Peer 1: 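Have a look at this one before I ask anything.
For clarity, every value in this text was computed on a predicted model and none was experimentally measured.
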Amino acid sequence: MIEYFQILCGIAIVFLSLYYYNISTYDFWKIRKVPGPTPQAFFGNFKEIFYKQASMSEHIKKLYDDYKNEPMFGIFEGRTPTLMVNDTNEIKNVLVRDFNVFADRGIPYYKRVEPLSEHLFFLESERWKPVRAKLSPVFTSGKMKEMFPLIVDCAVKLEQYLDKLVNKGKPIECRELAAKFTTDVIGSCVFGIETKALSDENSEFREMGRRFFEPCIRTTVRTAIRQFLPGLYNIIGDYLQAVGVSDFFIKVVIDTMKYRKAHNIYRPDFINALIDLRDHPEKVPTAELTDTFLTSQAFVFFVAGFETSSTTIAHTLYELAQNHDVQNKLREEIVRSNAIHGKELTYDIVKAMKYLDKVFKETLRKYPILPMIPREALADYTFESTKVSIPKGTKVWIPASGIHADPNFYPNPDKFDPERFSEEAVASRNPMSYLPFGDGPRICIGARFAYYQAKVGIISIIRNYKVDVCEESIIPYKHEPQALLLSPEGGVTLKVTKLSQLNGHIQSAK
């Protein structure tokens, strides 16, 4: 009995030690007199996220709503103190004015278990800066114009594929449709290959996208352990990765680079930039340009460009299906443009579509893919408005999903209203109230590419088809709690009708 008692006492001591270790940081914000919700042992303020009871976007918005009258408030990600910054002036300090102090995102990555995690989004500032400088020219307006015909080619295939789907007379899951289109675009413009996601149901590229993004038990467990038990994740994380994804992308990138070098092939895409990077390692002295490192830079554009753009296209169609006045006005602009310039799209033609730009920006306002913008203090820092001081290493988040839905910035925020982005409306608003791609030097490098990729997809659909809600449409909107980024639960299923068929039915009725 004494031995059992000693064992029980030992177990109790271990659990108590873990408990007190876990809560030992929970006075961090009290000491600094920063308000915030009470954390729970082990979970901090993210119990709902751990149990998948809410999406990260919903959770960040709720926290923001509870404390939006405060310039900043403190939360805990597990036992890690994190400062939420609401004040727009302080947001500008973090993202722009004092960028050198907040140049890192503060998101840990695990090179051993995540081979393709050493990319621009995660890289610490020392390596990020030279790599960013080398890759940024790929996404200038000049380079985008060179690359634009590749996007248009994919849009032609989108129209052909959609014709086949519409002829079947069944509702269409538009997020999957958009995902196939963006897979083809990313494959062509980033990896320099034809992925055939639209034409081939067995496209290997599309399958890799599904494996990496689609919610499943593996993804749920991986996300939870990565976030709340990083030490354990670094040990067992390689068993939780999407099967075959890393090996597939490394082979694609390296084989393509070798083939082009051997045959002296130039193409205006991202692979060409990686070849140039490898040929001039002296320009990136802080990074070891291994095959895996180079592939990581392409992989992040697949992850970011594919997921964000396909979901944004689906969100746009979701809103247009419910707001026919907006859909009709957008189509009128596209038809006018076609009448003047012809149906062949160019970078400048798309850029000139002002109402399309408003629609696209309002979609990103209402559905920001990344719910918060993460940063980490690289030095001790004192915020000028509140005089709150944080030590080096403190995480700082900008709650984009909360700010985008704040009625103080956007009256009646649940309404889809593209006129929020008229020149007058934008000029009257603080620029830090709209952050779909972040801001400052570390703003998303591929933002321009994402804009035009998605806009071409939207044009190709709306100029030829009408979208409507149907019985399968999920209204009101539901968040997918297991997804890594903002994603609609159950997809976006809509009725899609070809305009020529619709006009024919109208004439017959007359």
Peer 1: If every non-hydrogen atom of R132 is compared with every non-hydrogen atom of C444, which pair is closest and at what distance?
Peer 2: NH1-C, 4.2 Å
Peer 1: Any pair with a residue in residues 400-418 that passes salt bridge (Lys or Arg N to Asp or Glu O under 4.0 Å), sequence neighbours left out, goes on the list, sorted by first then second residue, please.
Peer 2: K68-D406
Peer 1: For a side chain to side chain donor-acceptor pair (under 3.5 Å) check, start with the C-alpha distance between E489 and Y477, then their side-chain angles and the critical distance, and finish with the verdict.
Peer 2: CA-CA 8 Å; E489 185 177 38; Y477 185 89; over 6 Å; no
Peer 1: For residues F301 and F139, establish whether the separation of their ring centroids is below 6.0 Å.
Peer 2: yes
Peer 1: Would you mind reporting whether W397 and V85 have side-chain heavy atoms less than 4.5 Å apart?
Peer 2: no
Peer 1: Report the C-alpha separation of T493 and E173 in whole Å, then their side-chain angles, then the decisive distance to 0.1 Å, and conclude whether the side chain to side chain donor-acceptor pair (under 3.5 Å) test is met.
Peer 2: CA-CA 4 Å; T493 302; E173 208 290 273; 4.7 Å; no
Peer 1: Go through V131 and F293 one step at a time and tell me if the side chain to side chain contact (heavy atoms under 4.5 Å, CB included) criterion holds.
Peer 2: CA-CA 11 Å; V131 174; F293 183 87; 4.0 Å; yes
Peer 1: Please find the pair of heavy atoms, one from H404 and one from P436, that lie closest to each other, and give the distance.
Peer 2: CE1-N, 3.8 Å
Peer 1: Please lay out, stage by stage, how L83 and F383 fare under the test side chain to side chain contact (heavy atoms under 4.5 Å, CB included).
Peer 2: CA-CA 11 Å; L83 186 67; F383 290 88; 3.4 Å; yes
Peer 1: Just so I know, are the side chains of M257 and I271 near enough to count as touching, which here means a heavy-atom distance under 4.5 Å?
Peer 2: yes
Peer 1: Only distances under 3.5 Å count here; give the side-chain donor-acceptor pairs of residues 96-103 to other protein atoms, sequence neighbours excluded, each with its distance to 0.1 Å.
Peer 2:
| from | atom 1 | to | atom 2 | distance (Å) |
| --- | --- | --- | --- | --- |
| R97 | NH1 | N93 | OD1 | 2.8 |
| D98 | OD2 | Y381 | OH | 2.5 |

Peer 1: Between F360 and F421, does the side chain to side chain contact (heavy atoms under 4.5 Å, CB included) criterion hold? Intermediate values first, please.
Peer 2: CA-CA 10 Å; F360 186 72; F421 292 92; over 6 Å; no
Peer 1: Please tabulate, for side-chain N and O atoms in residues 105-112, each donor-acceptor pair with protein atoms closer than 3.5 Å (sequence neighbours left out).
Peer 2:
| from | atom 1 | to | atom 2 | distance (Å) |
| --- | --- | --- | --- | --- |
| R105 | NE | F121 | O | 2.9 |
| R105 | NH2 | R442 | O | 3.2 |
| Y109 | OH | E124 | OE1 | 3.0 |
| Y109 | OH | R127 | NH2 | 2.5 |
| R112 | NH1 | D238 | OD2 | 3.3 |
| R112 | NH2 | N234 | O | 2.7 |
| R112 | NH2 | I235 | O | 3.0 |

Peer 1: Is the distance between the ring centroids of H315 and Y318 less than 6.0 Å?
Peer 2: no
Peer 1: Do L294 and I275 have side chains that get closer than 4.5 Å, going by heavy atoms?
Peer 2: no
Peer 1: Applying ring pair (Phe, Tyr, Trp, His ring centres under 6.0 Å), run through Y161 and F181 and close with a yes or a no.
Peer 2: CA-CA 10 Å; Y161 177 69; F181 167 64; over 10 Å; no
Peer 1: How would you list, by chain and number, every residue that makes a side-chain contact (heavy atoms from CB on, under 4.5 Å) with K392, sequence neighbours excluded?
Peer 2: D380
Peer 1: If you define the side chain from C-beta out and look only at heavy atoms, does anything of P371 sit under 4.5 Å from K61?
Peer 2: no
Peer 1: Please find out if less than 6.0 Å separates the ring center of F76 from that of F46.
Peer 2: no
Peer 1: Among residues at least two apart in sequence or on other chains, which ones pass side-chain hydrogen bond (donor to acceptor under 3.5 Å, both in side chains) with E70?
Peer 2: none
Peer 1: Check whether any side-chain heavy atom of E362 lies under 4.5 Å from a side-chain heavy atom of E419, and answer yes or no.
Peer 2: no
Peer 1: Apply the side chain to side chain donor-acceptor pair (under 3.5 Å) test between S55 and each candidate in H479, E48, E480; give the one that qualifies.
Peer 2: H479
Peer 1: Under the side chain to side chain donor-acceptor pair (under 3.5 Å) criterion, do K329 and Y355 qualify, and how do the steps go?
Peer 2: CA-CA 8 Å; K329 189 172 180 179; Y355 193 67; 4.8 Å; no
Peer 1: Within the 4.5 Å heavy-atom criterion, are T295 and P115 side-chain neighbours or not?
Peer 2: no
Peer 1: Looking at T82, I373, L95, I390, which hits side-chain contact (heavy atoms from CB on, under 4.5 Å) with V396?
Peer 2: I390
Peer 1: Please determine if R429 forms a cation-pi arrangement with F409, meaning its NZ or CZ atom is less than 6.0 Å from the six-membered ring centre and no more than 45° off the ring axis.
Peer 2: no
Peer 1: Taking the side chain as everything from C-beta on, heavy atoms only, tell me whether K196 gets closer than 4.5 Å to R206.
Peer 2: no
Peer 1: Do L435 and P368 touch side chain to side chain, with heavy atoms closer than 4.5 Å?
Peer 2: no
Peer 1: Who are the side-chain hydrogen bond (donor to acceptor under 3.5 Å, both in side chains) partners of H280, not counting sequence neighbours?
Peer 2: D276
Peer 1: If you look only at distance, which donor and acceptor atoms sit under 3.5 Å apart when one is on a side chain in residues 186-195 and the other is two or more places apart or in another chain?
Peer 2:
| from | atom 1 | to | atom 2 | distance (Å) |
| --- | --- | --- | --- | --- |
| S188 | OG | R267 | NH2 | 3.1 |
| E194 | OE2 | K157 | NZ | 3.2 |
| T195 | OG1 | D184 | OD1 | 2.4 |

Peer 1: Atom OG1 in T183, atom CG in L198: separation rounded to 0.5 Å?
Peer 2: 8.0 Å
Peer 1: Under the side-chain hydrogen bond (donor to acceptor under 3.5 Å, both in side chains) rule, collect the residues that match up with N430, sequence neighbours excluded.
Peer 2: T88
Peer 1: Are R211 and E207 ion-paired here, with the side-chain N under 4.0 Å from a carboxylate O?
Peer 2: yes
Peer 1: Under the side-chain hydrogen bond (donor to acceptor under 3.5 Å, both in side chains) test, which residues partner K143, sequence neighbours left out?
Peer 2: none
Peer 1: Tell me, with the steps shown, if S309 and T182 meet side chain to side chain donor-acceptor pair (under 3.5 Å).
Peer 2: CA-CA 7 Å; S309 294; T182 56; over 6 Å; no
Peer 1: List for me each residue that meets side-chain contact (heavy atoms from CB on, under 4.5 Å) alongside A133, sequence neighbours excluded, and say none if there are none.
Peer 2: none
Peer 1: Check salt bridge (Lys or Arg N to Asp or Glu O under 4.0 Å) between E77 and all other residues, then give those that pass, not counting sequence neighbours.
Peer 2: K395
Peer 1: Between F449 and F270, is the gap from one ring center to the other below 6.0 Å?
Peer 2: no
Peer 1: Under 3.5 Å, which donor-acceptor pairs do the side chains of residues 345-352 form with other protein atoms, sequence neighbours left out?
Peer 2:
| from | atom 1 | to | atom 2 | distance (Å) |
| --- | --- | --- | --- | --- |
| T346 | OG1 | I349 | N | 3.2 |
| Y347 | OH | R448 | NE | 3.4 |

